[in-house]
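As the structure lists them, so they are numbered: ligands from 1, and atoms in each ligand from 1.
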Amino acid sequence: MAIKRVGIVGSGIMGAGMAEVAAKAGFEVVLRSRHEATANGMIAAFEKSLAKQVERGKLDETERAAVASRVTATTVLSDLADCDLVIESVVEDLAVKKHLFSELDHFCRPDAILATNTSTLPVVELAVETGRPEQVCGIHFFNPAPAMALVEIVRPLVASDETIEAAREFAEHCGKDSVVVADRAGFVVNALLFPYLNNAVRMLESGTASRDDIDTAMKGGCNFPMGPFALLDLVGLDTSVAILDALYDEFRDPNYSPAPLLRRMVSAGRLGRKSGLGFYDYRK
Ligand SMILES: NC(=O)c1ccc[n+]([C@@H]2O[C@H](COP(=O)([O-])OP(=O)(O)OC[C@H]3O[C@@H](n4cnc5c(N)ncnc54)[C@H](O)[C@@H]3O)[C@@H](O)[C@H]2O)c1
């Protein structure tokens, strides 16, 4: 396939996970973080994760060395100039992503595909920030990226068939199942999932049942691997509010309007696993 070198912008939960998936699939990966300390920290965490996989017998030493050698970190956007595909995974904020797409358009090769890992934002608005709108699409991984089987390929109105096909091939080469979805907020999975998560918070607020009982009920009653509060903590409560806001903006359906408790928890800095405290406490 034509894609060999992949740039990833953003070194949060998803950027790190996608870098691991792509490097293991044999792609050269350039990971861009804004700060040197984060970039170095990412590489250290990545190497630690590979070492653990060797310990558990999931990877042999030769594979570990090969995967590690395929990932480099940088703080400089122009280091993505040689990439065939760049996937951005920065904060879920349209203004930030728009600005980033205009910068990527400036620095990246004219034939490179520019993709976003956004969960909900309109991909077409990012495409039109560039001089190559037909080469822009969504490549939406799930969290944690190394473990989750699905990637949604999001097709904005302006994307070419070649771009969508290349994105699909990339996802499949990464060992993922892919589905192609129209450019509507939430695509398939989050449009269906987030009303459920949001209503679980409302149910907690109204005193119907406790956090633990709601989580236990949904695991035992629906055979879900985790309950809604454990899942919200995994996604990140700030990201969850941003996703719900974008869904509400698009559809004006009250089920998408974030429950007040979610916003209050974000204001209090309780963001879930990534901050150590969310609906559950991860600091011990
Ligand atoms: N968390 C999930 O479950 C999940 C799943 C799929 C997709 N996503 C999407 O992936 C993207 C990243 O989410 P995440 O969960 O990794 O978030 P995160 O909070 O872990 O990381 C966000 C990254 O964005 C960077 N950032 C913040 N402000 C910035 C700015 N102004 N300019 C450039 N970079 C900035 C941060 O430094 C960090 O590296 C979002 O678009 C989100 O919707 C998230």
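- K97 and E88 are joined by a salt bridge, as a carboxylate oxygen and a charged side-chain nitrogen come within less than 4.0 angstrom of each other.
- With a heavy-atom cut-off of 4.0 Å, I13 touches ligand 1 through backbone and side chain alike.
- Taking all heavy atoms of M42, M14, K97 into account, the minimum distance to atom 4 (C) of ligand 1 is reached by M14.
- Side-chain atoms of Q135 and S160 include no donor-acceptor pair closer than 3.5 Å.
- Taking atom 41 (O) of ligand 1 as the reference point, the nearest protein heavy-atom neighbour is E92 OE1, 2.6 Å.
- Placement of V21 and L150 in two distinct hydrophobic clusters is found when ILVMFWY residues are connected by side-chain heavy-atom separations under 4.5 Å, directly or transitively.
- Note on D281 versus R270: no salt bridge recorded, every NZ/NE/NH1/NH2 to OD/OE distance being 4.0 Å or above.
- Note: an N/O pair closer than 3.5 Å links V91 and ligand 1 by distance alone.
- Ion pairing between E61 and R64 holds under the 4.0 Å rule for side-chain N and carboxylate O.
- Ligand 1 lies nowhere less than 4.0 angstrom from a heavy atom belonging to H99.
- When only modelled atom types and interatomic distance are considered, D105 and T130 share no side-chain donor-acceptor pair under 3.5 Å.
- Less than 4.0 angstrom separates some heavy atom of S119 from each of these atoms of ligand 1: 6 (C), 7 (C), 8 (N), 9 (C), 42 (C), 43 (O), 44 (C).
- Looking at R34, R32, M148 and measuring to atom 34 (N) of ligand 1, the nearest heavy atom belongs to R34.
- In the candidate list I139, V90, N117, V90 is nearest to atom 40 (C) of ligand 1, counting heavy atoms.
- In this structure Y196 satisfies the side-chain hydrogen bond (donor to acceptor under 3.5 Å, both in side chains) test with no other residue, sequence neighbours excluded.
- Close approach of ligand 1 to S89 (heavy-atom distance below 4.0 Å) involves ligand atoms 10 (O), 11 (C), 12 (C).
- Closest to atom 6 (C) of ligand 1, if we only count protein heavy atoms, is F141 O, 3.1 Å.
- Considering backbone and side-chain atoms alike, S11 places an N or O below 3.5 Å from some N or O of ligand 1.
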Candidate pair I243 and Y256, rule side-chain contact (heavy atoms from CB on, under 4.5 Å), full reasoning | CA-CA 9 Å; I243 290 171; Y256 292 130; over 6 Å; no
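- Not one N or O of H140 is nearer than 3.5 Å to an N or O of ligand 1, by distance alone.
- Of all heavy-atom pairs spanning F187 and A182, the tightest one is CD2-O, 4.0 Å.
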Between H140 and N190, is a side-chain contact (heavy atoms from CB on, under 4.5 Å) present by the stated rule, with each step listed?
-> CA-CA 11 Å; H140 182 223; N190 286 335; 3.5 Å; yes
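- Listed by atom number, the atoms of ligand 1 under 4.0 Å from V96 heavy atoms are 30 (C), 31 (N), 32 (N).
- Close approach to N143 involves these atoms of ligand 1, each under 4.0 Å from a residue heavy atom: 1 (N), 2 (C), 3 (O).
- At the top of the distance list for atom 38 (C) of ligand 1, counting protein heavy atoms only, stands G12 N, 3.9 Å.
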May I have the list of side-chain donor-acceptor pairs in residues 74-83 shorter than 3.5 Å, sequence neighbours left out?
from: T74; atom 1: OG1; to: V76; atom 2: N; distance (Å): 3.0
from: T74; atom 1: OG1; to: D79; atom 2: OD2; distance (Å): 2.5

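- From the protein, the heavy atom lying nearest to atom 1 (N) of ligand 1 is V235 O, 2.9 Å.
- Which parts of ligand 1 touch T118 is read off a 4.0 Å heavy-atom cut-off, strictly below it: atoms 41 (O).
- Polar contact with ligand 1: absent for G10 (N/O pair, distance under 3.5 Å).
- Ranking the protein heavy atoms by distance from atom 19 (O) of ligand 1 puts K274 NZ, 3.0 Å first.
- Classification of D84 and R109 as a salt-bridged pair holds, one side-chain N sitting under 4.0 Å from a carboxylate O.
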